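Since this is a predicted model, take the numbers as computed values, not measurements. Just so we're on the same page: letters track the sequence lines, and every chain starts at 1.
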There are 2 protein chains.
Amino acid sequence: MQDKPLRQSRIQKKNREAILTAALREFSARGFAGTTIDQIADAAGLSKPNVLYYFQSKDAIHESLLRELLDLWLDPLRELRAEGDPQDQILAYAKRKLELSRDYPQESRLFANEVLQGAERLAPILGGELRELVDEKSALIARWIADGRIAQVDPHHLLFSIWALTQHYADFEVQVRAVLGPEHDPYVEAGVFLDLLYRRLLRPQPRE
Amino acid sequence: MQDKPLRQSRIQKKNREAILTAALREFSARGFAGTTIDQIADAAGLSKPNVLYYFQSKDAIHESLLRELLDLWLDPLRELRAEGDPQDQILAYAKRKLELSRDYPQESRLFANEVLQGAERLAPILGGELRELVDEKSALIARWIADGRIAQVDPHHLLFSIWALTQHYADFEVQVRAVLGPEHDPYVEAGVFLDLLYRRLLRPQPRE
DNA sequence: CAAATTATTGACCATCTGGTCAGGATCACG
DNA sequence: CGTGATCCTGACCAGATGGTCAATAATTTG
């Protein structure tokens with residue numbers, strides 16, 4: 001809701017950090033409703049009232065995490081540039097998103113949990129900021145297509161496909177690992193696969 | 001755990017059905033922990049003790065739903081046949097999965113919720129039955145590749161990609177709709193996009 | 001229709017959970 | 001070192017929740 005004082009003492013910074021880290025782990029593993037403040041407090045090495053000293057409520061912790069998450073999540077798309085080779089740009093975006101799934105799987109699952117359950121808290125952002133960003137980048141992709149620099153595809157669904165394919169490896173990690181077995185490295189293989197997939201999808205077609 | 005008596009009275013059948021339908025809606029919308037027996041009871045038009053007369057516990061309802069779900073979820077893959085054109089087979093599989101997302105989004109979200117949160121209940125199936133099924137079908141795809149009938153791709157990740165791309169439209173439905181706006185029909189567009197994507201991905205390559 | 005079986009419920013309970021609060025410990029700083 | 005601000009805690013509370021049970025209503029069946 002309102003911003004906290006900008007000057008944070010050393011100890012304040014440390015404890016807020018610890019709480020958010022703990023809460024991210026718990027929320028992403030068990031969902032918001034499935035997590036208790038006590039679990040967060042234990043994981044952060046604090047008492048429950050102490051956690052509530054730093055955050056007004058369980059909801060406030062959640063909201064704080066979500067706000068942090070959004071930039072991390074949207075930034076890669078912002079970096080999709082008009083300059084440079086279109087195929088390289090899109091391939092690089094897919095790669096960045098996959099790395100995000102690999103390096104921040106908890107964040108991915110927190111986001112998935114939220115969207116899966118209606119995303120009431122995120123709805124305004126999804127229909128506002130995100131939609132505008134997507135529309136902008138879709139227009140860019142459409143221009144590339146019109147110029148014959150990449151093959152014809154629906155730009156929106158191209159972006160959805162990148163989200164789906166990359167987040168799948170974080171969100172459904174247990175399934176992926178269960179099916180592949182321990183001797184595989186899902187993210188390495190996925191990197192190769194995605195590169196191949198988008199090269200073939202986007203390669204300008206000779207005729208139509 | 002144990003099977004219920006095979007002879008179910010009319011009324012038993014009706015009420016069990018109502019409970020499961022209500023529970024599916026609630027669980028898929030709010031997760032297991034976020035749903036109370038009272039909510040399920042209300043949605044089913046029964047009292048809480050009456051719900052517990054038909055199912056031993058909230059957990060039992062959940063488990064019952066999960067068991068039902070599994071066949072629905074795995075059947076399409078079982079129908080991937082060695083006979084017929086490989087590309088048609090895979091395209092048809094992707095189409096079936098997309099239809100499943102469209103027609104059973106609640107089931108998709110229930111499954112997603114479960115896997116997302118560690119899938120403890122499903123783990124044995126994921127690593128057992130599912131893994132065997134996937135290995136079998138991957139071998140089939142590998143044969144198609146070896147015979148030059150489709151392009152070279154990692155069979156496992158090809159299957160993952162179909163899961164990810166199709167389930168995304170059910171699991172992230174609010175995001176998809178928020179970004180696309182109301183004038184779009186995500187599933188129709190996705191059908192076209194997926195068809196295109198897998199045709200280009202699988203088309204046998206001229207050279208290597 | 002009467003007995004036996006099945007279905008339903010209100011009242012109740014133990015536990016858990018988010019959150020409060022008064023008071024005490026610790027720390028920063030003049 | 002003293003004092004005000006910050007930090008921390010045990011005890012507590014009200015409401016929610018999963019689940020039980022004895023009693024009653026409805027239904028099936030002989």
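- Classified by interplanar angle (parallel below 30°, tilted 30° to 60°, perpendicular above 60°), the ring pair H62(B)/F27(B) is perpendicular.
- In terms of phosphate contacts, S47(B) brings a side-chain nitrogen or oxygen within less than 4.0 Å of OP1 or OP2 of dT9(C).
- Under the side chain to side chain donor-acceptor pair (under 3.5 Å) criterion, R143(A) pairs with no residue, sequence neighbours left out.
- Residue N15(A) places at least one side-chain N or O closer than 4.0 Å to OP1 or OP2 of dC8(D).
- If you take CD1 of I19(A) and C1' of dC7(D), they are 12 Å apart, rounded to a whole angstrom.
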Protein-to-nucleotide contact annotation, 5' to 3' order, nucleotides 19-28 of chain C [B base; S sugar-phosphate only; - none; under 4.0 Å, heavy atom]: BBB------S
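- Enclosure of atom OH in Y187(B) by more than 12 non-hydrogen atoms of other residues, nucleotides or ligands within 6.0 angstrom is indicated.
- For H62(B) and dG18(D), the NE2 to C1' distance is 16 Å, given to the nearest whole Å.
- A close approach under 4.0 Å does occur between a side-chain nitrogen or oxygen of Y53(A) and OP1 or OP2 of dC7(D).
- Across the protein-nucleic acid pair, F55(B) atom CZ and dG18(D) atom C1' stand 16 Å apart, rounded to whole Å.
- The interatomic distance linking D42(B) (CG) with dT9(C) (C1') rounds to 14 Å, in whole Å.
- By the side-chain contact (heavy atoms from CB on, under 4.5 Å) test, A190(A) pairs with L98(A), Y169(A), H157(B), sequence neighbours left out.
- In this structure, N50(B) atom CG and dG18(D) atom C1' are separated by 16 Å, rounded to whole Å.
- Under 4.0 angstrom from either OP1 or OP2 of dT6(D) there lies no side-chain N or O belonging to Q12(A).
- Around the CD atom of E79(A), the shell of radius 6.0 Å holds more than 12 heavy atoms that belong to other residues, nucleotides or ligands.
- Using a 4.0 Å cut-off between charged side-chain N and carboxylate O, D59(A) and R121(A) make a salt bridge.
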